[in-house]
Amino acid sequence: MSFVATRFAPSPTGPLHIGGVRTALFNWLFSKNKKGKFYLRIEDTDKERSKEEYKKQIIDSLNWIGINYDDEEYIQSKNIKKHQEVANELLKNGFAYKCYCTEEEIKEQKEKCKKKGIPYVYNRKWRDPKNVEIPNNIKPVIRFKSKISGNSILKDLVQGEVNISNSIIEDFIILRQDGTPTYQLSAVVDDHLMKITNVIRGDDHKINTFKQKQIYEAMKWSVPEFAHIPLIHSEKGSKLSKRDKASTLEDYIKIGILPDALRNYLLRLGWSHKDKEIFTLDESIKLFDLPGVGKSPSKLDMSRILSLNEYYIKHLDEKELFKFLKIYSKKFKSDIDSSKEKSIIKSISFLKNKAKKLEDIYQNSQYILNDKIKISEEDLKLIDNSSKSIIKDFLIKFEKMPEINKDNLEKIVKGLIDKHKTNFKGVGQPLRIVLTGSRFGPGIYNILLSLEKDVIISRLKDYK
RNA sequence: GGUCCCAUCGUCUAACGGUUAGGACAGGUGGUUUUCAAUCACCUAAUCGGGGUUCGAUUCCCCGUGGGACCGCCA
């Protein structure tokens with residue numbers, strides 16, 4: 001097996017969105033599967049929009065979901081000089097040329113084409129400037145001499161063979177008027193320098209590949225393999241953008257999605273292995289491959305994410321789950337008081353059964369976390385006089401209880417059912433309301449066993 | 001508009017010419033139950049349309065139709 005290196009190359013112009021995370025995941029998985037390298041490259045050559053905070057956020061995001069990269073992150077802007085050198089070499093060797101067209105001139109041309117209804121391609125005015133005078137008041141851009149005739153074929157590892165006519169690829173700019181390199185150049189030079197063997201990226205880059213390949217060829221560099229993965233669509237069915245509601249990783253973290261659940265969801269979005277739905281990290285590394293990637297775009301499905309998350313919440317080691325809950329609560333809700341930790345840990349085994357996300361566990365443990373509980377008007381109505389007498393009787397027995405365990409509690413409850421000629425619900429419901437503030441709580445023994453004795457007594461006393 | 005890509009249940013997908021078209025999520029019905037859940041069992045639901053090729057097409061080819069991406073001195 002030959003050596004493999006992949007990279008994820010986001011631009012730090014906003015929070016990482018879910019499509020980017022999947023691209024990173026696929027690259028990472030591919031390299032791990034091949035026992036190769038995976039790098040992170042921050043493409044920050046757009047000075048205007050790139051921000052340090054976003055760079056940090058991207059790194060945090062990858063850490064959160066468990067994607068680790070080799071070496072330090074690679075900062076593209078640090079390599080601008082090298083990009084410029086390559087541009088000059090292309091210029092020297094006749095693969096590129098200076099173009100003195102002004103932006104206005106280009107704009108005019110585009111409008112003309114639009115009016116005529118014909119597709120715009122730069123007219124190559126300065127490609128062969130024999131009979132044109134070079135203006136000395138205009139700074140030129142450097143354009144790449146793109147192929148004019150014939151066809152190009154891309155052998156894409158996901159899409160198969162893609163064949164396009166070279167005439168639709170214009171002489172694209174590689175160095176701007178201010179001398180800075182554009183994406184098309186920088187990406188190629190960096191990928192070459194980083195010895196990237198497989199470029200796995202979104203389908204929206206496919207046309208770029210035809211430009212970039214020409215740079216590799218002009219420089220006589222070996223061309224990496226390309227794999228263009230289909231985009232993730234929003235519920236509307238179009239490319240996911242930052243404006244879509246649940247589009248960034250942060251959106252999922254803040255409702256309490258577990259990293260493993262999202263990793264598993266993203267893995268299965270556009271990739272499959274037979275009928276298998278749940279993949280451990282190791283399994284996904286072992287099984288991931290490019291032929292398993294589908295060609296059609298897929299839509300985001302929140303209920304599916306939630307369902308997977310529910311699965312991981314239920315199957316995760318409870319100590320681990322508590323750790324996640326603690327971190328989550330501190331970051332997005334309020335810190336779990338250390339005096340309440342014991343109760344929460346005791347309760348997590350049943351709390352997790354009605355949770356699809358960490359947020360649910362947090363919500364459902366409010367009766368433990370808060371010293372005072374609120375009972376809604378509606379629930380309060382259910383605490384009538386007969387309920388109160390049940391609570392009173394329960395309290396008397398409970399206070400005298402030598403040891404709080406399920407057997408002893410069951411004895412009390414059974415006794416009360418007989419005495420008050422009611423059923424389990426008749427006893428359980430008032431206790432649940434008074435103890436948790438809600439009709440819809442955990443099982444009554446679970447509540448009784450998880451709350452501190454004095455808390456139970458004081459809550460019951462309020463309603464006896 | 002031009003170029004390219006895509007097309008199986010509502011959604012994610014399996015079936016690499018021969019299956020009663022499978023699984024998962026969602027939805028529905030019922031069992032269990034201590035409320036809400038959870039859980040168990042069962043059910044509904046798809047090959048975009050039209051032509052070929054073939055003994056046989058979800059699968060291969062062509063044409064429609066629909067959806068999407070790209071068309072920046074952004075990446």
Side-chain angles (χ1 to χ4, degrees), chain A residues 9-13 43-46 48-50 76 99 101-103 106 110 113-114 116-121 139-143 154 156 158-160 162-165 167-170 172-184 186-187 201-208 210 228 230-231 233 235 237-239 265 268-278 291-292 294-308 310-311 314 350-356 360 364 382 413 423-429 431-433 436 438-446:
Chain A
S11 57
T13 55
E43 304 214 325
D44 59 343
T45 51
D46 184 346
E48 300 281 307
R49 298 194 298 147
S50 295
Q76 188 161 64
C99 163
C101 289
T102 60
E103 287 190 55
I106 301 286
K110 283 186 183 170
C113 287
K114 212 174 176 184
K116 284 186 193 166
I118 54 171
Y120 166 78
V121 178
K139 267 193 161 182
V141 297
I142 310 290
R143 286 182 185 269
L154 165 67
D156 194 282
V158 167
Q159 310 264 338
V162 183
N163 191 332
I164 64 148
S165 163
S167 62
I168 65 153
I169 304 287
E170 68 170 1
F172 54 95
I173 294 169
I174 53 175
L175 234 49
R176 301 185 186 98
Q177 210 165 28
D178 65 3
T180 59
T182 64
Y183 163 75
Q184 306 291 0
S186 299
R201 58 192 353 179
D203 200 12
D204 47 345
H205 279 288
K206 202 158 51 191
I207 296 295
N208 290 335
F210 290 95
H228 289 93
L231 300 175
H233 283 177
E235 276 159 25
S238 56
K239 181 181 171 180
Y265 174 74
R268 278 288 284 100
L269 198 61
W271 178 84
S272 62
H273 183 263
K274 298 177 183 167
D275 275 351
K276 200 168 164 57
E277 299 286 350
I278 304 290
K295 289 175 156 195
S296 53
S298 38
K299 283 181 194 161
L300 231 34
D301 181 3
M302 192 44 126
S303 65
R304 182 63 164 251
I305 298 173
L306 255 17
S307 153
L308 237 13
E310 192 181 358
Y311 174 89
K314 289 214 176 80
F350 59 86
L351 247 21
K352 71 179 184 181
N353 274 330
K354 48 194 316 175
K356 284 186 187 294
D360 298 337
N364 292 332
L382 295 172
V413 171
N423 54 17
F424 196 102
K425 193 178 170 184
V427 175
Q429 194 66 299
L431 287 175
R432 178 179 295 110
I433 291 172
T436 68
S438 169
R439 268 176 298 162
F440 314 120
I444 196 66
Y445 295 125
N446 284 333

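Numbers restart at 1 for each chain; the letters A, B, ... are given by sequence-line order, proteins then strands. These figures come from a predicted structure and were not determined experimentally.
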(request) Evaluate the side-chain proximity of A:Leu154 to A:His228: yes if any heavy-atom separation is below 4.5 Å, no if none is. (result) yes
(message) Using the C1' atom as the point on both nucleotides, what is the distance between B:rU35 and B:rC25, in whole Å?
(response) 27 Å
(request) Could you tell me the separation between the CG atom of A:Leu154 and the C1' atom of B:rC70, rounded to a whole number of Å? (result) 14 Å
(message) Mind checking if A:His228 touches a base, just sugar-phosphate, or nothing, with heavy atoms under 4.0 Å?
(response) nothing
(request) Take atom CD of A:Gln429 and atom P of B:rA37, then tell me their distance rounded to the nearest Å. (result) 13 Å
(request) Sugar-phosphate means primed atoms, P, OP1 and OP2; the rest is base. With that split, encode nucleotides 20-28 of chain B 5' to 3' as B, S or - using protein heavy atoms under 4.0 Å. (result) --BBBSS--
(request) With heavy atoms under 4.0 Å as the rule, sort A:Pro230 into base, sugar-phosphate or nothing. (result) nothing
(message) Taking the minimum atom-to-atom distance to the side chain of A:Lys314, which one of B:rU39, B:rU34, B:rU13 wins?
(response) B:rU39
(request) Counting Watson-Crick and G-U wobble pairs only, both distances under 3.5 Å, name the nucleotide matched with B:rA46, or none. (result) none
(message) Both distances below 3.5 Å, Watson-Crick or wobble geometry, any strand: find the nucleotide opposite B:rG30.
(response) B:rC40
(message) If the cut-off is 4.0 Å, is A:Lys352 near the phosphate of B:rA37, judged by side-chain N/O to OP1 or OP2?
(response) no
(request) Using the P atom as the reference point in each nucleotide, state the distance between B:rG67 and B:rC62 in Å, no decimals. (result) 22 Å
(request) Report yes if a side-chain nitrogen or oxygen of A:Thr45 is closer than 4.0 Å to either non-bridging phosphate oxygen (OP1 or OP2) of B:rA75; otherwise report no. (result) yes
(message) So which atom in A:Pro230 and which in A:Asp203 form the shortest heavy-atom distance, rounded to 0.1 Å?
(response) CA-CB, 4.1 Å
(request) Considering non-hydrogen atoms only, spot the tightest contact between A:Gln159 and A:Lys206 and give its length. (result) OE1-NZ, 3.2 Å
(message) Does any part of the side chain of A:Asp301, heavy atoms only, come nearer than 4.5 Å to the side chain of A:Tyr265, both counted from C-beta?
(response) yes
(message) For a quick check of understanding: with a heavy-atom distance under 4.0 Å over all strands, which category does A:Glu170 fall into, base, sugar-phosphate or nothing?
(response) nothing
(request) Round to a whole Å and report the spacing from CZ of A:Arg49 to C1' of B:rA75. (result) 7 Å
(request) Could you give the distance separating B:rG22 and B:rU44 at their P atoms, to the nearest angstrom? (result) 11 Å
(message) Base, sugar-phosphate or nothing for A:Tyr445? Non-hydrogen atoms, less than 4.0 Å.
(response) base
(request) Tell me which of A:Asn446 and A:Thr180 sits closer to the 5' end of RNA chain B, going by the nucleotide each one is nearest to. (result) A:Asn446
(message) Is the ring pair A:Phe424/A:Tyr445 parallel, tilted or perpendicular, if the boundaries are 30 and 60 degrees?
(response) perpendicular
(request) Please name the pair of heavy atoms, one in A:Glu43 and one in A:Ser50, separated by the smallest distance, quoted to 0.1 Å. (result) O-OG, 4.3 Å
(message) Can you check the distance between B:rC43 and B:rA75, where both ends of the measurement are the C1' atom (answer in whole Å)?
(response) 50 Å
(message) Expressed as a whole number of angstroms, how long is the span from A:Phe424:CZ to B:rU32:P?
(response) 17 Å
(message) Does A:Gly441 reach a base, just sugar-phosphate, or nothing at all? Heavy atoms under 4.0 Å.
(response) base
(request) Give none if B:rG18 has no partner; otherwise give the nucleotide forming a Watson-Crick or G-U wobble pair with it, both distances under 3.5 Å. (result) B:rC55
(request) Using whole Å, report how far CD1 of A:Ile433 lies from P of B:rU34. (result) 17 Å
(request) Please identify each residue that fulfils side-chain hydrogen bond (donor to acceptor under 3.5 Å, both in side chains) with A:Gln184, with sequence neighbours left out. (result) A:Asn208
(request) Using the P atoms only, state how far B:rC70 lies from B:rU58, rounded to an integer number of Å. (result) 34 Å
(request) Take atom NZ of A:Lys425 and atom C1' of B:rU33, then tell me their distance rounded to the nearest Å. (result) 12 Å
(request) Would you indicate what A:Leu269 reaches in the nucleic acid, counting non-hydrogen atoms under 4.0 angstrom: base, sugar-phosphate, or nothing? (result) sugar-phosphate
(request) Kindly indicate, with the supporting measurements, whether the criterion side-chain contact (heavy atoms from CB on, under 4.5 Å) is fulfilled by A:Ile207 and A:Ile169. (result) CA-CA 8 Å; A:Ile207 296 295; A:Ile169 304 287; 4.1 Å; yes
(message) For the C1' atoms, the ones on B:rC63 and on B:rC73, what distance do you get once it is rounded to whole angstrom?
(response) 42 Å
(request) For the side chain of A:Asp204, starting at C-beta, report the closest nucleotide among B:rC70, B:rA38, B:rA75. (result) B:rC70
(request) Using the P atom as the reference point in each nucleotide, state the distance between B:rU13 and B:rA7 in Å, no decimals. (result) 11 Å
(message) Exactly one of A:Val141, A:Ile142, A:Thr182, A:Thr180 should register a side-chain contact (heavy atoms from CB on, under 4.5 Å) with A:Leu175. Which one does?
(response) A:Ile142
(request) Write down the partner of B:rC73 under the Watson-Crick or G-U wobble criteria, each distance required to be under 3.5 Å. (result) none
(message) How many whole angstroms separate atom CG of A:Leu306 from atom P of B:rC12?
(response) 17 Å
(request) Decide side-chain hydrogen bond (donor to acceptor under 3.5 Å, both in side chains) for A:Ser438 and A:Thr436; before the verdict, give the C-alpha distance in whole Å, the side-chain angles of both, and the deciding distance to 0.1 Å. (result) CA-CA 5 Å; A:Ser438 169; A:Thr436 68; 5.1 Å; no
(message) In this structure, how many angstroms lie between the P atom of B:rC70 and the CD atom of A:Gln184, rounded?
(response) 13 Å
(request) Please indicate whether A:Lys139 has more than 12 foreign heavy atoms, meaning atoms of other residues, nucleotides or ligands, lying under 6.0 Å from its NZ. (result) no
(message) Reading RNA chain B from 5' onward, which residue's closest nucleotide shows up sooner: A:Phe440 or A:Ile173?
(response) A:Phe440
(message) Counting C-beta onward and ignoring hydrogens, is there a side-chain heavy-atom pair between A:Leu269 and A:Leu300 closer than 4.5 Å?
(response) yes
(message) Mind checking if A:Gly237 touches a base, just sugar-phosphate, or nothing, with heavy atoms under 4.0 Å?
(response) sugar-phosphate
(request) Give the nucleotide from the list B:rA75, B:rA69, B:rC12 with an atom nearest to the side chain of A:Lys299. (result) B:rC12
(message) Does a side-chain N or O of A:Ser238 approach OP1 or OP2 of B:rG68 to a distance below 4.0 Å, or not?
(response) no
(message) For a side-chain contact (heavy atoms from CB on, under 4.5 Å) check, start with the C-alpha distance between A:Tyr183 and A:Gln76, then their side-chain angles and the critical distance, and finish with the verdict.
(response) CA-CA 10 Å; A:Tyr183 163 75; A:Gln76 188 161 64; 5.5 Å; no
(message) Both distances below 3.5 Å, Watson-Crick or wobble geometry, any strand: find the nucleotide opposite B:rG10.
(response) B:rC25
Kindly give the atom pairs (protein nitrogen or oxygen, nucleotide nitrogen or oxygen) under 3.5 Å for nucleotides 3-8 of chain B.
{"from": "B:rC5", "atom 1": "O4'", "to": "A:Lys206", "atom 2": "NZ", "distance (Å)": "3.2"}
{"from": "B:rC5", "atom 1": "O2'", "to": "A:Gln159", "atom 2": "OE1", "distance (Å)": "3.2"}
{"from": "B:rC6", "atom 1": "OP1", "to": "A:Lys295", "atom 2": "NZ", "distance (Å)": "2.9"}

(message) Can you check the distance between B:rG10 and B:rC48, where both ends of the measurement are the C1' atom (answer in whole Å)?
(response) 16 Å
